[in-house]
Amino acid sequence: MILRLKDNFITDNSLECEEGCYFLLTSQNEKFSKQAQDKHARFIDIKECKRLLNIDENIKLIGITGTNGKTTTAAAIYSILLDLGFKCGLCGTRGAFVNEVQIDEKSLTTQPILKTLAYLSHASEEKCDFFVMEVSSHALVQKRIEGLNFTAKIFTNLTQDHLDFHKTFENYKQAKESFFTDESLKFINKDSAMIKFNVRNCFTYGLENPAYYHVKAYALEEGINALVATKEQKYTIDSSLLGLFNLYNLLAASACVNELVKPKLEDLEKAIAHFGGVCGRVEEVSEGVIVDFAHTPDGIEKVLDALKNKKLIVVFGAGGNRDRTKRPLMGAVVEHFAKRAIITSDNPRDENPKAIIRDILEGFKDKNRALLIEDRKEAIKKALELKEKDDLVVILGKGDENYQEIQGVKYDFNDKIIVKEILNQGK
């Protein structure tokens, strides 16, 4: 990419270099440095790039990593800080935002470092106090966050995902662990599969195991109501969000904000209650119809468990060119919770959608429990036709994504829009 300055530009792509331009040298592009040198580019490091972009080093950077919960936890921290009167930026799966204004569209969970520095430059112009970002395991391995100094880091949880990239669960675990070796403020989920971390400046949080931020009691019938206690303080989490997984997200977010800014607890409680969640995460798009981004066995289980008081019709698939071993596990989870399951396409990418569906079906003990409908729109339509008065249709995997990727082409597709189109046609 290219970042324009007053009389020059910065790039991290040797193909874009011109004589006299600035070339940001990173671990990712080092192998292309000869091409940049041949074009007489001026090499700069992260520190110099920050200076050229006028990035305020006083902005406190907060990073969240984990298999599930990154997006909601990051959004909750961002929302709470804004409600408490701070200026704040955010970047992740949903795009980039500064003080409630979206400055970039959805893309990678964690962008290449030059794009992130562009966000931080914008946040500096807007006098932000904090900047919150999701940090993926891919980004950690590929060193996309090199040169960033985090004030606080959060570990949400660790379950199977991305084995197509990491090859083994141990490699995946080690990637997450690498984020927590420094002495920044750390917030670790004590109830998840444990990772190794530097115990200095560390706050644990949890429900099941003893933790610094410990949930003493909670109810999940109508939203979330929980009492959180430390040795010195107590506060409540009251939220319209659903599910135990969202209690963990709000616990992590509130603990982080509480330690960073020490707000009045009544103000913290109000800010938590005001956070309304994230589009495409357990979002009711019509009466009795919910869409969610869950696309791992653990993520699906948490969502469906939160909705298990309803009779569930579940529409789901699995992404192509990704970890195949999780597909039958996803099928087994859906079979356990669903009154009826419809297996369909997600983003098949370069794989045969039928082959992906067959992989998922292997997880069903009773293969007759699942309908196989490759066309995602037709699958959603069938679910809505099958829906009876007390049923809940749950459409998983894509959340508020606005495309479906098939054989290298991204076609316009949004589960929420499809639902509304089908329902309107029936009127």
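Every heavy atom of this structure was used, including side-chain atoms; hydrogens, water molecules and symmetry mates were not. Note that the structure is a prediction, hence the values are computed from the model and not measured.
A donor-acceptor pair shorter than 3.5 Å can be found between the side chains of E269 and T236. At a cut-off of 3.5 Å, with distance as the only test, no side-chain donor of R94 or T71 sits close to an acceptor on the other residue. Side-chain contact of Y172 with T67: a donor-acceptor pair under 3.5 Å is present, judged by distance alone. Between the side chains of N198 and T181, not a single donor N or O lies within less than 3.5 Å of an accepting N or O. Under the 3.5 Å distance criterion, with hydrogens and angles disregarded, no donor-acceptor pair is assigned to the side chains of D298 and N157. Judged by distance alone, the side chains of D191 and N209 do bring a donor and an acceptor atom under 3.5 Å apart. In this structure, a donor-acceptor pair under 3.5 Å is absent between the side chains of Q404 and D346. No hydrogens or angles considered: nothing links the side chains of E134 and T110 as a donor-acceptor pair under 3.5 Å. Side-chain contact check for T325 and D323: at least one donor-acceptor pair (N or O, by modelled atom type) lies under 3.5 Å. Side-chain contact annotation: T11 with E16, donor-acceptor N/O pair under 3.5 Å present.
A cation-pi contact links K153 to F179, judged by a cut-off of 6.0 Å to the six-membered ring centre and 45° from its axis. Stacking of K398 on the aromatic ring of Y403 is recorded, both the 6.0 Å distance cut-off and the 45° axial limit being met.
Judged purely by atom type and a 3.5 angstrom limit, D12 uses its side chain to pair as donor or acceptor with the backbone of M1. When atom types are taken as modelled, the side chain of S178 and the backbone of A175 share a donor-acceptor pair closer than 3.5 angstrom. With N189 contributing its side chain and T156 its backbone, the two residues share a donor-acceptor pair below 3.5 Å. For the pair R42 (side chain) and Y22 (backbone), a donor-acceptor distance under 3.5 Å is absent. Checking side-chain atoms of Q102 against main-chain N and O of D104 turns up a donor-acceptor pair under 3.5 Å. Of the possible donor and acceptor atoms, one in the side chain of N29 sits under 3.5 Å from a partner among the backbone N and O of T26.
Heavy atoms of other residues, nucleotides or ligands lying less than 6.0 angstrom from NZ of K270 number 12 at most. At most 12 non-hydrogen atoms from other residues, nucleotides or ligands lie less than 6.0 angstrom from CD of E100.
Using cut-offs of 30° and 60° for the angle between ring planes, the F203 and F187 rings count as parallel.
A salt bridge links E351 and R327; the closest N-O separation between the charged side-chain nitrogens and carboxylate oxygens is under 4.0 Å.
Only one option out of E170, K176, E177 pairs with Q174 in a side chain to side chain donor-acceptor pair (under 3.5 Å); it is E170.
Considering CG of L24 and SG of C49, their distance stands at 5.0 Å, rounded to 0.5 Å.
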>> Using side-chain hydrogen bond (donor to acceptor under 3.5 Å, both in side chains), reason through T204 and Y213 one step at a time and then give a plain yes or no.
In response: CA-CA 6 Å; T204 56; Y213 279 84; over 6 Å; no
